[in-house]
Amino acid sequence: MASTIPGADEFTSRPFPREELLRQIPPTLPLHRIDERQAEEVNALTYEVVRHRLWAVTQEMGETLRRMSGSHVVTESNDFNFSICDELGEQVQVGAYNVGLIGSMDLAIVWTLRNRSENPGIEEGDMFLCNDPWIGGGLHQNDAAVLAPIFHEGRLFGWTTAIAHQVDLGGPRPGSFSPSARDVFGEAVPTPPMKVVRGGVLQRDVADAWVRRSRLPHMVGLDLRAKIAANRNAAEQILRLIDKYGADTVKAVMRRMMDDAESRLRDKLRTLPDGTWSAVGYQEQSGTGDRDLHALHVAMTKQDDRLVFDFRGTAGQTGVINCPYPGLRAGIVFTMLPLLAGDIPWAAGGLMRCFEIVTDEDTLTNASFPAAVGKGPFGPAWGSGNLVAEVIARMLDAEPDHREDVQSICNGTTDLCVVSGVDVRGGGHKGFVSPVFDVMAGGYGAQVHHDGVDTGGRLIIPSAKAPDVEMTEYLYPLLALWRREETDSGGPGRRRGGMSGSVCYVQHPDQSGDMSLVVSGTGKVANQNVGLAGGHPGNSQLDLVVRGIDVPQLAGARSMPGGLDDLGGTVEVLPCEGESTLGAGDALYLHWQAGGGYGDPLLRPAEDVREDVLQVRVSPDAARNVYGLVLRADGEVDATATEEARAVLRHRRATDAGLTGAALAPIGTARPDGVRRLDDNLAVEVESRTVICVHCGTGIGPLGKSAFVEGLARREVAPTEAGPHIWHDPSVYVDADVVFRQLCCPGCLTAVHSRVVPVGHPLPHDDYRSWA
């Protein structure tokens, strides 16, 4: 019998046209299919009833997994998701959990159809287990999916999927993330789809091999069974739906759900200006010992009812900060669905028809085997999602009817810290691995008319939540000195970014010996949580270990420390990618990212800044130095002094930009007619195509391909000029020179663009072609 050994390129996924995929599926796997006419003939009442029932099925899948799982990743933080798909894997309904986890689920099903239909076969009662980031069904190896075909009367009707982050799946480091890995062989093993359930029976050999790789086999085994149960429950519900309404009717509803979602998104896109918007972001440190910044590029072109995301120019794959193509696609999906499809049912298969991806091979966002990809989801996938969010927001901001949907970038990425060791409480001796999931409480980006939500969670995980601190202390030998919102963390702006928080853990008093720490976090230098329209970025991410603290681990303590200054000891700044330890006399401090601001902070109403100070959202120093607020002795706003302080700050911008001696144009004098707004600060005169400042009327330059940017005043100063929430010494992390860059109206010096970036960062480059 002839056989072939597959090469690495065969373990990769790409979208396939349906007709091409159908040609690759053997006739031994009969499919349930309907024609387009049947999808159009479903009556409105039946459509709504079946559609809502499919939504309820995904919610029931979530409850099944949450109740069965023993992992706090699932039970406390909702880092999982589900989908219901048609016979070819297009996603009809997805859950409102981690949206990134369903961004490539269809790719995994397509791969399974192409590569498993004949051997070992896809049959009734089967399920397939997969954690291969190149195939999909997960963005890195810790994301493990179970794919379950649904058969009706001998034909493949559809699929359900269940996926969740696993705390540990092996590899050299607890938690399966290795900052020093040189390739995937230094990480957890990726597994292409393998049959874990056959004919409704769990395959013990496969399940045993799966859990054997983990330091926490019982937890991984329980999660496997929970996903199997969730899929089985969903299949039973769908088959009951088929019994009631008929297979053709249910499939017609599924097809129409995707078609309607596609149609509604295309209709929305047609109301937006055509053009190209570009953005550049960075990943810091590719692994242990690296001190470089690695660039991500995107140019989004919107033409009529379609988007093209072009990532060419992104840095080549390196270190551990890579993601394969499915991860890049997921980064687009988990941004696009909340921002562009928030008012459209998430039939993801239809929504994903509205965009295409252009990307180079062997890059951070399209890494080739055997690159290390453990950081894929919260590195370049999330980083690409931030850039997509930025260009989508700029596109929306240029259309008045969509400004309500504009949002600055949310918390930007996760702050990964895995704590592991041996729990000796109560005389036991049990190994533990615990990612610190308090970091789920990120700040949301500011909007045009609203401040960002403080510690609201994560845009990409609508149902995300931070775990109960007491549950963390119960499960692991850790005690929290505090978990709280952090003053000044939200990005300053006319509308302030949502605040982030910090947590400080010490060892339990009964614990002994060092615990291991693995850390990974971007946004410590070049902020991921950027602002829009002159709004400042949110805080820099910061991870510390304080060695030799004065306060013992609460044994006999009469007071709690109020902050890092009360701990004593010596501060060790943890790297972006690295390892450390937590000893009996140490404290672990994590401060994750907040949301970016919107608009110039000097335009924020003084009473709003005063309220922020009273609510301890903004410090008095930041209120004065960033917002230009002056309060009287009685705590009320001194309007005259505030106006003078803001004028001083504008003059400082002029001086930094080399405009010494220039008179400031008065703000509020412009009431331009015959203009079309670009964002909070800029508009274009329709006749002359000249960009002007809406605050003072100053003409800046021609619109085409952002040519007007050359006419803006530019200042590049120390990063801390953006506010006290920005890390003061980038050289701790990287070798590049980093600055706070502001582009301002040359007349009134209102900030229109504010970023913390490396020297040489490209200027904004937008091309509103539909206005030509």
Side-chain angles (χ1 to χ4, degrees), residues 73 77 79 140 142 165 167-168 171-181 186-188 215 282-294 319-322 372-380 382-383 411-421 432-442 466 472 476 478 480 483 500-507 514-528 539-547 564 570-583 586-593 727 729-730 732-734:
V73 174
S77 298
D79 192 356
H140 60 168
N142 287 75
H165 179 96
V167 172
D168 182 89
R173 299 290 180 270
S176 304
F177 181 75
S178 178
S180 59
E187 300 180 325
R215 295 169 178 84
Y282 300 91
Q283 299 288 292
E284 303 147 346
Q285 298 185 358
S286 65
T288 302
D290 182 41
R291 292 181 53 81
D292 289 335
L293 288 167
H294 307 269
V320 300
I321 59 169
N322 312 292
V373 292
K375 193 181 176 178
F378 46 91
W382 204 329
N411 54 300
T413 185
T414 195
D415 186 0
L416 175 71
C417 181
V418 180
V419 186
S420 61
F432 74 93
V433 179
S434 172
V436 179
F437 271 90
D438 304 74
V439 301
M440 285 283 190
T472 300
Y476 307 108
L478 297 169
R483 186 174 79 186
S500 68
S502 73
V503 69
C504 187
Y505 281 114
V506 294
Q507 287 193 14
D514 287 350
M515 298 178 181
S516 296
L517 302 177
V518 176
V519 294
S520 177
T522 304
K524 299 180 187 302
V525 174
N527 297 64
Q528 309 294 298
N539 67 290
S540 305
Q541 191 161 278
L542 181 62
D543 303 328
L544 309 171
V545 173
V546 185
R547 306 286 184 192
L564 289 172
T570 302
V571 173
E572 173 189 326
V573 179
L574 297 177
C576 302
E577 312 291 341
E579 300 175 63
S580 189
T581 60
L582 182 70
D586 303 334
L588 171 66
Y589 172 84
L590 306 178
H591 182 194
W592 53 93
Q593 291 185 66
W727 178 250
D729 186 6
V732 169
Y733 301 106
V734 298

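We're numbering straight along the sequence, starting at 1.
Taking the salt bridge (charged side-chain N to carboxylate O under 4.0 Å, His left out) definition, one finds that Asp79 meets it with nothing, sequence neighbours left out. Here Thr288 pairs with Pro179, Ser180 under the side-chain contact (heavy atoms from CB on, under 4.5 Å) rule; sequence neighbours left out. For Ser540, the side-chain contact (heavy atoms from CB on, under 4.5 Å) criterion is met by Asn527, Ile726, Trp727, not counting sequence neighbours. In this view, Asp514 and Thr581 satisfy the side-chain contact (heavy atoms from CB on, under 4.5 Å) rule, not counting sequence neighbours. For Arg483, the salt bridge (charged side-chain N to carboxylate O under 4.0 Å, His left out) test picks out Asp438, with sequence neighbours left out. Remark: His591 engages Ser500, Asn539 in a side-chain hydrogen bond (donor to acceptor under 3.5 Å, both in side chains) (not counting sequence neighbours). Judged as a side-chain hydrogen bond (donor to acceptor under 3.5 Å, both in side chains), and not counting sequence neighbours, Asn322 has no contacts. For Tyr282, the ring pair (Phe, Tyr, Trp, His ring centres under 6.0 Å) criterion is met by His761, not counting sequence neighbours. Under the rule for a side-chain hydrogen bond (donor to acceptor under 3.5 Å, both in side chains), the partners of Asp543 that lie at least two apart in sequence or sit in another chain are Lys524. With sequence neighbours left out, the side-chain contact (heavy atoms from CB on, under 4.5 Å) criterion links Ser77 to Phe437, Met440, Pro467. Residues satisfying the ring pair (Phe, Tyr, Trp, His ring centres under 6.0 Å) criterion with His165, sequence neighbours excluded, are His140. Residues passing the salt bridge (charged side-chain N to carboxylate O under 4.0 Å, His left out) test with Asp415, sequence neighbours excluded: none.
Taking every heavy atom of both residues into account, Gly186 and Ser178 meet most closely at O-CB, 3.6 Å. Taking every heavy atom of both residues into account, Ala526 and Leu293 meet most closely at CB-CD2, 4.5 Å. Contact detail for Gln285 and Pro575: the closest heavy-atom pair is OE1-CB, 3.9 Å. The shortest non-hydrogen separation linking Gly319 to Ala372 is O-CB, 3.4 Å. Heavy atoms only, all atoms of each residue included: Ala441 and Trp592 are closest at O-NE1, 2.8 Å.
Once rounded to the nearest 0.5 Å, the distance linking CG of Leu544 with CG of Asp586 reads 12.0 Å. Rounded to the nearest 0.5 angstrom, Gln593 CD and Gln541 CD are separated by 5.0 Å. Atom-to-atom distance recorded for Arg173:CZ and Asp168:CG is 12.5 Å, nearest 0.5 angstrom. The distance from the OH atom of Tyr505 to the SG atom of Cys417 is 10.5 Å, given to the nearest 0.5 Å. Note: Cys504 SG to Leu564 CG = 6.5 Å, rounded to the nearest 0.5 Å. Rounding to the nearest 0.5 Å places CD of Glu579 at 9.5 Å from CZ of Phe177.
Between Leu517 and Val419, the closest side-chain pair of non-hydrogen atoms falls below 4.5 Å. Between Leu478 and Met515 the shortest side-chain heavy-atom distance falls below 4.5 Å.
Using a distance-only test at 3.5 Å, with no hydrogens or angles considered, a donor-acceptor pair links the side chain of Gln507 to the main chain of Leu582. Of the possible polar contacts, one joining the Arg215 side chain to the Gly171 backbone as a donor-acceptor pair under 3.5 Å is found. For the pair Glu284 (side chain) and Gly523 (backbone), a donor-acceptor distance under 3.5 Å is present. When atom types are taken as modelled, the side chain of Glu187 and the backbone of Gly374 share a donor-acceptor pair closer than 3.5 angstrom. No donor-acceptor distance shorter than 3.5 angstrom exists from the side chain of Glu572 to the backbone of Arg547, with no hydrogens or angles considered. Using a distance-only test at 3.5 Å, with no hydrogens or angles considered, no donor-acceptor pair links the side chain of Ser286 to the main chain of Ile321.
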(message) If you apply the rule side-chain contact (heavy atoms from CB on, under 4.5 Å), what do you find for Tyr476 with Val436, and how did you get there?
(response) CA-CA 11 Å; Tyr476 307 108; Val436 179; over 6 Å; no

(request) Kindly determine whether Thr522 and Phe378 satisfy side-chain contact (heavy atoms from CB on, under 4.5 Å), including the steps that lead there. (result) CA-CA 8 Å; Thr522 304; Phe378 46 91; over 6 Å; no

(message) I'd like to know whether Val519 forms a side-chain contact (heavy atoms from CB on, under 4.5 Å) with Leu590, so could you lay out the CA-CA distance, the side-chain angles of the two residues, the decisive distance to 0.1 Å, and finally the verdict.
(response) CA-CA 10 Å; Val519 294; Leu590 306 178; 5.5 Å; no

